[in-house]
Student: 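My questions all concern the structure below.
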Amino acid sequence: MLAMDFRGPKRVRAVQKPMPTILHPEDAIVKVLRTCICGSDLHLYNGNVPDTRVGMTFGHEFVGEIVEVGSEVTNVKVGDRVLVPFNIACGRCIFCKQGMFGNCHESNSEATAVGGFLGYAHTGGGHNGGQAEYARVPYANFGPTVIPAGMSLDDAVLLTDITPTGYQAAEMAGIQPGDTVVVFGAGPVGIMAARCCWLFGAGRVIILDKEDYRLEFAQNFAKCEAYNFETDMEDPVMFLKKQTDWIGPDACIDAVGAEAAGNTMQTITGRKLLLQAGSATALHWAINSVRKGGVISIVGVYGPTDNLVPIGNVLNKGLTIRANQASVKRHLPRLIDHVMNGILKPSELITHRIPLEDVADGYRIFSAKLDNCIKPVLIPPTANA
């Protein structure tokens, strides 16, 4: 089968790989119909996440058709069209029972913090992902969710990560009616987070980025205020204080993570020399700008090592920090209703549809922010067969 292959930082290609096989009675094999390149994939692509091994197939956002199931799979059947949450979750461990599907205790035996992910580094279990014609999906009795009749594949594929992650970012922000919320990063997750803030009753939503085309897109999709932190202000923290009567926003969402721009020291130590788990610039801005007693919500990806973070300011300001990988399965019932009722239209984020054969071009375009790219979707050659 054709699949994406990681050859090292900034080097990916489409190659022929062996077909996946059933390894456990609860496995399923999915014929991939749509798969995305995610901003989290770019952290791998750029070499910012430890233990990303040559030969991996990325892709944690995909939908497809069940073509084979293990002997103990009863929840889905051959022929079902399913969306596959990026979390690999058993559904029955102590953390899954709490709805913490991103922290499943069974799917990533090498880790004590995070659960297993499809198509990510070996820190997430080393499972090959969906940027391929076929993918193996563990715990098929729990994870894969049948796509409702009438939902487009383009909407469905964005329910595997981007929409639930943006939604959980807003949920973790603890938004109260009328609150001012600032989102750092106008990538797909940040844009979706800004859109979802209104669902929780925000009175004002502001988004910061350094790419004007992304800010324009965010304004139109999320109906929020949008500012360029490189051209519209000298100091983002002072700017946000001034915008909020010198009190600070009620909540801030870090939707950037390890590759944040805006601070030379953070960029050198976190992105160039890898002395910390990514550049924590956006997190600094969030902590320092939010009001006393405010909330910081973190969904931007950082590596599993130390970061230079002003924890003293967190203490002295009495801040609450909430952070986690999105528990996709927990949010799906409500988000499916929102999509089917027209409250959310995730597919509007898609700007590029790229053949899987051209995956290297897709990564280059998305990483370099070329051609006003917001969200690229890859189409395997067998998707329409």
Side-chain angles (χ1 to χ4, degrees), residues 1-4 16-36 56-93 95-97 99 101-102 104-109 115-120 124-161 164 326-333 335-336 356 377-385:
M1 68 168 184
L2 192 69
M4 172 271 191
Q16 290 294 322
K17 290 190 173 184
M19 282 281 292
T21 58
I22 299 290
L23 301 179
H24 185 277
E26 289 189 61
D27 285 351
I29 305 300
V30 172
K31 175 185 175 182
V32 178
L33 302 175
R34 298 285 190 280
T35 182
C36 299
M56 276 287 296
T57 293
F58 298 166
H60 55 273
E61 301 174 279
F62 63 95
V63 297
E65 180 181 328
I66 301 285
V67 295
E68 186 180 358
V69 295
S71 60
E72 295 181 9
V73 174
T74 58
N75 191 50
V76 291
K77 63 185 184 302
V78 172
D80 283 346
R81 288 194 165 191
V82 296
L83 63 91
V84 181
F86 78 91
N87 322 112
I88 302 175
C90 70
R92 49 186 179 255
C93 71
F95 299 108
C96 285
K97 287 180 179 178
F101 303 124
C104 175
H105 205 52
E106 300 299 322
S107 61
N108 188 2
S109 60
F117 302 146
L118 288 158
Y120 217 65
H127 303 270
N128 282 317
Q131 291 174 8
E133 292 181 296
Y134 294 87
R136 169 182 166 261
V137 178
Y139 298 111
N141 276 327
F142 183 73
T145 301
V146 175
I147 299 171
M151 180 181 288
S152 74
L153 292 177
D154 286 346
D155 281 324
V157 76
L158 292 188
L159 289 179
T160 62
D161 177 6
S327 293
V328 174
K329 194 77 174 181
R330 178 167 66 86
H331 299 301
L332 280 181
L335 292 176
I336 286 172
L356 179 62
V377 169
L378 301 171
I379 313 295
T382 51
N384 299 315

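None of these values were measured; they are calculated from a predicted model.
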Student: Look up atom CD in Glu106 and atom CD1 in Ile88, then write down how far apart they are to the nearest 0.5 Å.
Tutor: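 Here the rounded value is 13.0 Å.
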
Student: Pairing donors with acceptors under 3.5 angstrom, does anything connect the side chains of Lys31 and Thr382?
Tutor: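 Side-chain D/A pair, Lys31 to Thr382: absent.
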
Student: For Phe86, which of Phe101, Phe62, Phe117 qualifies under ring-ring contact (aromatic ring centres under 6.0 Å, His included)?
Tutor: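 For Phe86, the ring-ring contact (aromatic ring centres under 6.0 Å, His included) check succeeds only for Phe117.
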
Student: Look at the side chain of Ser327 and the backbone N and O of Gly99, then say whether any donor-acceptor pair between them is shorter than 3.5 Å.
Tutor: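 The answer is yes, because a donor-acceptor pair under 3.5 Å joins these two groups.
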
Student: For a 4.5 angstrom cut-off between non-hydrogen side-chain atoms, does Glu133 reach Val32?
Tutor: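 No, every pair of side-chain atoms sits at 4.5 Å or beyond.
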
Student: Find the distance between CG (Leu2) and CG (Leu378) and round it off to the nearest 0.5 Å.
Tutor: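 Reported value, rounded in 0.5 Å steps: 10.5 Å.
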
Student: Where do Phe58 and Met4 come nearest, in terms of heavy atoms and distance?
Tutor: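 Taking Phe58 first and Met4 second, the nearest heavy atoms are CD1-CE, 3.0 Å.
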
Student: Looking only at non-hydrogen atoms, find the nearest pair between Thr145 and Ile336 and report the distance.
Tutor: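 That closest heavy-atom pairing would be CG2-CD1, 4.4 Å.
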
Student: Counting C-beta onward and ignoring hydrogens, is there a side-chain heavy-atom pair between Arg136 and His127 closer than 4.5 Å?
Tutor: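 Heavy-atom side-chain distance check passes, below 4.5 Å.
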
Student: Kindly determine whether Asp80 and Glu65 satisfy side chain to side chain contact (heavy atoms under 4.5 Å, CB included), including the steps that lead there.
Tutor: CA-CA 6 Å; Asp80 283 346; Glu65 180 181 328; over 6 Å; no

Student: Which residue pairs pass the salt bridge (charged side-chain N to carboxylate O under 4.0 Å, His left out) test when at least one of the two sits in residues 139-157, sequence neighbours left out?
Tutor: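 Of all non-adjacent pairs touching residues 139-157, those that pass salt bridge (charged side-chain N to carboxylate O under 4.0 Å, His left out) are Arg34-Asp154, Asp154-Arg353, Asp155-Lys345.
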
Student: Give a yes or no on whether the backbone of Val328 and the side-chain of Asn87 come within a donor-acceptor separation of less than 3.5 Å.
Tutor: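 Yes.
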
Student: Between Ser107 and Gly116, what is the shortest heavy-atom contact and its length?
Tutor: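 The pair with the smallest heavy-atom distance is OG-N, 2.8 Å.
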
Student: Can you list the residues that meet the salt bridge (charged side-chain N to carboxylate O under 4.0 Å, His left out) rule with Arg330, with sequence neighbours excluded?
Tutor: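 Per chain and number, Arg330 pairs via salt bridge (charged side-chain N to carboxylate O under 4.0 Å, His left out) with Glu171.
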
Student: How long is the gap from CZ on Arg81 to CD1 on Ile66, to the nearest 0.5 Å?
Tutor: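 Rounded to the nearest 0.5 Å, the CZ-CD1 separation comes to 12.0 Å.
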
Student: Testing the basics here: between Cys96 and Gly91, what is the closest heavy-atom pair and its distance to 0.1 Å?
Tutor: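 Heavy atoms only, the tightest pair is SG-N, 3.3 Å.
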
Student: How far does NE2 of His24 sit from OG of Ser71, to the nearest 0.5 angstrom?
Tutor: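 With rounding to 0.5 Å, NE2 (His24) is 9.0 Å from OG (Ser71).
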
Student: Before giving the answer on side chain to side chain contact (heavy atoms under 4.5 Å, CB included), spell out for Ile29 and Asp27 the whole-Å C-alpha distance, their side-chain angles and the decisive distance to 0.1 Å.
Tutor: CA-CA 7 Å; Ile29 305 300; Asp27 285 351; 5.7 Å; no

Student: Find out whether Pro138 and Leu118 are in side-chain contact, i.e. whether some heavy atom of one side chain is under 4.5 Å from a heavy atom of the other.
Tutor: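 The answer is yes; the side chains approach within 4.5 Å.
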
Student: To the nearest 0.5 Å, how far apart are CG in Leu335 and CG in Leu83?
Tutor: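 Separation between the atoms: 10.5 Å.
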
Student: Would the distance check show the side chain of Thr35 and the main-chain N or O of Gly130 forming a donor-acceptor pair, the cut-off being under 3.5 Å?
Tutor: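 Indeed, once roles are kept as given, a pair shorter than 3.5 Å links the two residues.
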
Student: Could you tell me whether the side chain of Thr160 and the main chain of Pro85 form a donor-acceptor pair under 3.5 Å?
Tutor: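 The answer is no, because no donor-acceptor pair under 3.5 Å joins these two groups.
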
Student: Grab the two heavy atoms, one from Tyr134 and one from Met19, that are nearest each other, plus how far apart they are.
Tutor: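 Scanning both residues, the minimum pair turns out to be CD1-SD, 3.4 Å.
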
Student: If we ignore hydrogens and angles and just use 3.5 Å, is the side chain of Asn141 paired with the main-chain N or O of Glu26 as donor and acceptor?
Tutor: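 Here the side-chain-to-backbone pair does not exist.
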
Student: For the backbone of Cys36 and the side chain of Gln131, can you confirm whether one donor and one acceptor N or O come within less than 3.5 Å of each other?
Tutor: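 Side chain of Gln131 to backbone of Cys36: a pair is present.
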
Student: Please name the pair of heavy atoms, one in Ala140 and one in Val73, separated by the smallest distance, quoted to 0.1 Å.
Tutor: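 Distance-wise, the nearest heavy atoms are CB-CG2, 4.0 Å.
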
Student: Between CG of Leu159 and CD of Glu61, what distance do you get to the nearest 0.5 Å?
Tutor: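 Spacing of CG (Leu159) from CD (Glu61) equals 10.5 Å.
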
